[in-house]
Amino acid sequence: MIKNKYLTQIEDTLDLYFGKKAPPMPENIKELIVKYSPYLIILALVLTLPGILIAFGLRSFWAPLAYLGGVKSAFNFSFWGIFALVALVIEAIAVPGLLKRTKQSWELMFYASLISLLSSLLSLNVGSFIIGGAISFYILFQIKSYYKN
């Protein structure tokens, strides 16, 4: 995978702070995360799909009887739903590689985290941006060494 020099700089900086300078996570916890994260991602994909449909305005998917009273659009576009959908697709693509512990799959999860972080920033969700970003990057960079080419 060809990386942009800015993405490489971001990854290197985050690796310095979350991978090297941050307190190390216990090895048994890292192993559990690496072992079970693909299955948790699959579960999250299944549970998140209805939310994505709602974010895109497919409300008739959930409540078909609510539209009997009048004509309403079954599709109402949501800009933030695009970010969630893109991150979700990237995570889904990463799952087979996560099971094989490939470096490329780790990078896909990194990109999905960056997209989620960007979504939090653009929606002015400061708590999610700071806390969610710190937690996701801490976990990602602590387990990075488990993923090889």
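Each residue takes its place number in the sequence, starting with 1. This one's a predicted model, so the numbers in the text were calculated from it and none came from an experiment.
Among all heavy-atom pairs drawn from S119 and F83, the shortest one is CB-CB, 3.6 Å. Across every non-hydrogen atom of Y138 and P24, the tightest pair is OH-C, 3.8 Å. Closest heavy-atom contact between Q142 and G19: NE2-O, 3.7 Å. Counting all heavy atoms, side chain and backbone alike, L140 lies closest to W106 at O-NE1, 2.8 Å.
Considering only residues two or more places apart in sequence or on other chains, E11 meets the side chain to side chain donor-acceptor pair (under 3.5 Å) condition with K3, K144. Every side chain to side chain donor-acceptor pair (under 3.5 Å) that Y146 has, sequence neighbours left out, goes to E27. Every residue two or more places apart in sequence or in another chain that forms a side-chain contact (heavy atoms from CB on, under 4.5 Å) with S128 is listed here: S120, N125. Applying the side-chain contact (heavy atoms from CB on, under 4.5 Å) criterion to I130, with sequence neighbours excluded, gives V126. Taking S37 as the reference, nothing meets the side chain to side chain donor-acceptor pair (under 3.5 Å) condition, with sequence neighbours excluded. Residues satisfying the side chain to side chain donor-acceptor pair (under 3.5 Å) criterion with K20, sequence neighbours excluded, are D15. Shown here are the side-chain contact (heavy atoms from CB on, under 4.5 Å) partners of P26, two or more places apart in sequence or in another chain: N28, I29. Remark: K148 engages no residue in a side-chain contact (heavy atoms from CB on, under 4.5 Å) (not counting sequence neighbours). Shown here are the ring-ring contact (aromatic ring centres under 6.0 Å, His included) partners of F129, two or more places apart in sequence or in another chain: there are none.
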Distance-only donor-acceptor pairs under 3.5 Å for side chains of residues 86-101, two or more places apart:
from, atom 1, to, atom 2, distance (Å)
R101, NH2, E31, OE2, 2.9

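Taking Ile, Leu, Val, Met, Phe, Trp and Tyr as hydrophobic and joining them when side-chain heavy atoms fall under 4.5 Å apart, one finds L43 in a cluster with L47.
Other residues, nucleotides and ligands contribute more than 12 heavy atoms inside 6.0 Å of the CD1 atom of I42.
Separating the CE atom in M109 from the CD1 atom in I143 is a distance of 8.0 Å, to the nearest 0.5 Å. Put simply, CD1 on I131 and OG on S136 are 12.0 Å apart, with the number rounded to the nearest 0.5 Å. Taking CD1 from I115 and CD1 from I82, the interatomic distance works out to 11.5 Å, rounded to the nearest 0.5 Å.
In this structure, a donor-acceptor pair under 3.5 Å is present between the side chains of S105 and T102.
The side-chain heavy atoms of I33 and L40, taken from C-beta on, include no pair separated by under 4.5 Å.
Applying the salt bridge (Lys or Arg N to Asp or Glu O under 4.0 Å) rule to pairs touching residues 111-126 yields nothing, sequence neighbours excluded.
Judged purely by atom type and a 3.5 angstrom limit, S116 uses its side chain to pair as donor or acceptor with the backbone of A112.
Below 30°, between 30° and 60°, or above 60°: for F141 and F18 the angle between ring planes is below 30°, a parallel geometry.
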